[in-house]
Amino acid sequence: MADLRTSICGVELRSPVIAAGGTFGYGLEFGGIADVGSIGAIVTKGLSREPMAGNPAPRVTETASGMLNAVGLQNVGVRAFVREKLPALRHVGTPVIANVFGFRVEDYAEVLRVLEGAGGLAMYELNVSCPNTRHGGLEFGADARQLSRAVSAARAAVDRRPLLVKLSPNVTDIREMARAAVESGADGLSLINTLRGLAVDARARRPVLGAGSGGLSGPAIKPVALHMVHQVTQATSVPVIGMGGIATAEDVVEFLLCGATCVQVGTASFWDPARVANLPGELGSYLDAQGTASAAELRGTLLSPG
Ligand SMILES: Cc1cc2nc3c(=O)[nH]c(=O)nc-3n(C[C@H](O)[C@H](O)[C@H](O)COP(=O)(O)O)c2cc1C
């Protein structure tokens with residue numbers, strides 16, 4: 001079978017397929033449903049300094065070829081994660097990437113300092129699609145200067161594990177944000193997070209989601225994600241994890257061709273909880289059928305049009 005082994009930022013993964021942040025719980029909830037051991041890595045729910053209760057229901061709604069969510073970053077807080085979730089996660093045998101967020105620059109640094117003291121993690125992933133409460137609620141990832149400040153603070157707080165920065169697509173030019181993140185110390189980049197959207201209940205004349213607007217994900221956003229991954233891999237030299245609408249082996253191959261080293265699968269887990277665990281096997285069969293010896297050799301080999 002084709003070789004799926006992938007190395008990213010010095011971490012060895014058995015496949016390039018990773019469960020996406022916020023869509024796979026803490027990695028433990030899927031144990032009885034899917035073969036979690038076959039997944040390349042698991043990204044945890046976003047972790048904050050203090051526990052967060054999240055947004056009022058409804059939190060998710062289906063859209064054409066996608067899903068809009070406003071979960072509101074519900075989580076147990078970083079200290080409870082280290083105490084209550086991480087010990088069990090260590091036994092899963094799959095590398096764990098801790099997804100981290102904050103509303104002030106210091107929040108990111110504080111969460112990372114707590115994680116630096118814990119064993120059993122492979123990497124950090126910084127979610128910068130969060131409102132910066134000191135800057136009128138504008139996303140950190142929407143402003144290159146604020147993004148640099150958050151990444152620099154995170155960089156200063158960690159030296160034990162690689163630091164990924166997960167970029168927001170809600171920007172004019174994602175390459176500018178990618179360069180700012182790398183210059184401030186990112187070892188790798190993840191993209192894309194969800195696109196801002198609004199679902200309207202015409203009869204009730206209200207937004208569908210309890211929080212109002214939300215984040216769009218799923219197959220509807222795949223072309224946007226592929227374009228941005230292609231742009232960013234051409235503009236920077238750090239490894240990139242691509243995501244947005246991936247559900248099949250062919251989707252994975254499309255992202256690898258556009259330059260991604262690994263991929264993440266999010267929304268697909270909502271309609272098929274075993275999707276991410278089954279994908280590595282399906283990718284192996286797909287590559288075998290194509291006569292491709294390894295997933296790694298596809299990286300960045302997209303041809304010119306015509
Ligand atoms: C319900 C839900 C919760 C999410 N929570 C997070 C999160 O906590 N941190 C994060 O960085 N991204 C979060 N995301 C974004 C996903 O990780 C991913 O970037 C995005 O959904 C695009 O991939 P997909 O189309 O495969 O879902 C969330 C997405 C969904 C659908």
Side-chain angles (χ1 to χ4, degrees), residues 20-27 43-55 59 69-86 96-118 121-171 174 177-178 180-194 196 211 213-215 241 264 266:
T23 67
F24 210 68
Y26 296 99
V43 184
T44 67
K45 244 177 199 290
L47 303 168
S48 52
R49 207 165 162 162
E50 305 300 334
M52 283 184 54
N55 285 328
R59 291 172 159 192
N69 95 83
V71 170
L73 298 163
Q74 177 187 355
N75 79 104
V76 296
V78 67
R79 288 179 180 80
F81 168 78
V82 168
R83 212 172 44 239
E84 295 160 17
K85 310 286 183 189
L86 201 48
V96 177
I97 302 172
N99 185 279
V100 169
F101 71 93
F103 300 100
R104 298 169 310 164
V105 166
E106 313 85 271
D107 295 340
Y108 285 99
E110 173 63 15
V111 175
L112 288 167
R113 269 194 290 272
V114 174
L115 294 172
E116 278 282 273
L121 292 168
M123 287 191 262
Y124 305 117
E125 181 180 72
L126 232 54
N127 174 6
V128 294
S129 300
C130 292
N132 180 346
T133 50
R134 291 231 178 88
H135 283 264
L138 185 71
E139 284 183 18
F140 281 97
D143 178 290
R145 272 188 57 206
Q146 295 306 320
L147 177 63
S148 293
R149 288 189 60 227
V151 177
S152 300
R155 180 77 272 168
V158 302
D159 59 15
R160 193 171 171 194
R161 303 171 176 121
L163 179 68
L164 305 170
V165 175
K166 180 165 176 182
L167 299 177
S168 167
N170 302 308
V171 295
I174 198 161
M177 304 304 159
V182 172
E183 281 162 16
S184 306
D187 297 308
L189 299 168
S190 306
L191 62 146
I192 58 175
N193 211 316
T194 55
R196 291 310 293 175
S213 65
I241 303 181
Q264 289 183 22

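Not measured: the values here are computed from a predicted model. Residue numbers start at 1 and run along the sequence shown.
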Looking at CE of M177 and CG of D143, how far apart are the two atoms once the value is rounded to the nearest 0.5 Å?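 Taking CE in M177 and CG in D143, the distance rounds to 6.5 Å.
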
Quick one: NZ on K85 to NZ on K45, what's the gap to the nearest 0.5 Å?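 The NZ atom of K85 sits 9.0 Å away from the NZ atom of K45.
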
Residues in side chain to side chain donor-acceptor pair (under 3.5 Å) with [X], at least two apart?
| X | answer |
| --- | --- |
| R83 | none |
| T133 | none |
| T194 | none |
| R134 | E106 |

Full working for side chain to side chain contact (heavy atoms under 4.5 Å, CB included) between F24 and V43: CA-CA 8 Å; F24 210 68; V43 184; over 6 Å; no

N/O donor-acceptor pair under 3.5 Å between [X] side chain and [Y] backbone:
| X | Y | result |
| --- | --- | --- |
| N55 | A211 | no |
| N75 | S48 | yes |
| Q264 | I241 | no |
| Y26 | L86 | no |

Between [X] and [Y], what is the shortest heavy-atom contact and its length?
| X | Y | result |
| --- | --- | --- |
| E139 | S129 | OE1-CA, 3.7 Å |
| F140 | G102 | CE1-O, 3.6 Å |
| L73 | C130 | CD1-SG, 4.0 Å |
| L147 | A180 | CD2-CB, 4.3 Å |
| V128 | K166 | CG2-O, 3.2 Å |
| S190 | E125 | OG-OE2, 2.7 Å |

Can you list everything that forms a side-chain contact (heavy atoms from CB on, under 4.5 Å) with [X]? Sequence neighbours excluded, please.
| X | value |
| --- | --- |
| S152 | S184 |
| V96 | T44, L89, L121 |
| E50 | none |
| A178 | L167, L189, V232, T236 |

Pair R161 + D187, salt bridge at N-O below 4.0 Å: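 Not counted as a salt bridge, because no side-chain N and carboxylate O are separated by less than 4.0 Å.
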
Using the test salt bridge (charged side-chain N to carboxylate O under 4.0 Å, His left out), find all partners of R49 that sit at least two apart in sequence or belong to another chain.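 Listed in chain order: D107.
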
For E110, salt bridge (charged side-chain N to carboxylate O under 4.0 Å, His left out) partners two or more places apart: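 E110: salt bridge (charged side-chain N to carboxylate O under 4.0 Å, His left out) contacts with R79, R113.
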
Quick one: do S213 and R196 satisfy side chain to side chain contact (heavy atoms under 4.5 Å, CB included)? Show the steps, please. CA-CA 7 Å; S213 65; R196 291 310 293 175; 2.6 Å; yes

Out of the candidates L115, L112, L126, only one should pair with V158 under the side-chain contact (heavy atoms from CB on, under 4.5 Å) rule; please name it.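 Exactly one candidate clears the test, L112.
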
Under the criterion side chain to side chain contact (heavy atoms under 4.5 Å, CB included), I'd like the reasoning laid out for V114 against F81: C-alpha separation, chi angles, the key distance, then a yes or no. CA-CA 10 Å; V114 174; F81 168 78; over 6 Å; no

Partner set under ring pair (Phe, Tyr, Trp, His ring centres under 6.0 Å) for Y124, not counting sequence neighbours: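 Residues passing ring pair (Phe, Tyr, Trp, His ring centres under 6.0 Å) with Y124: none at all.
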
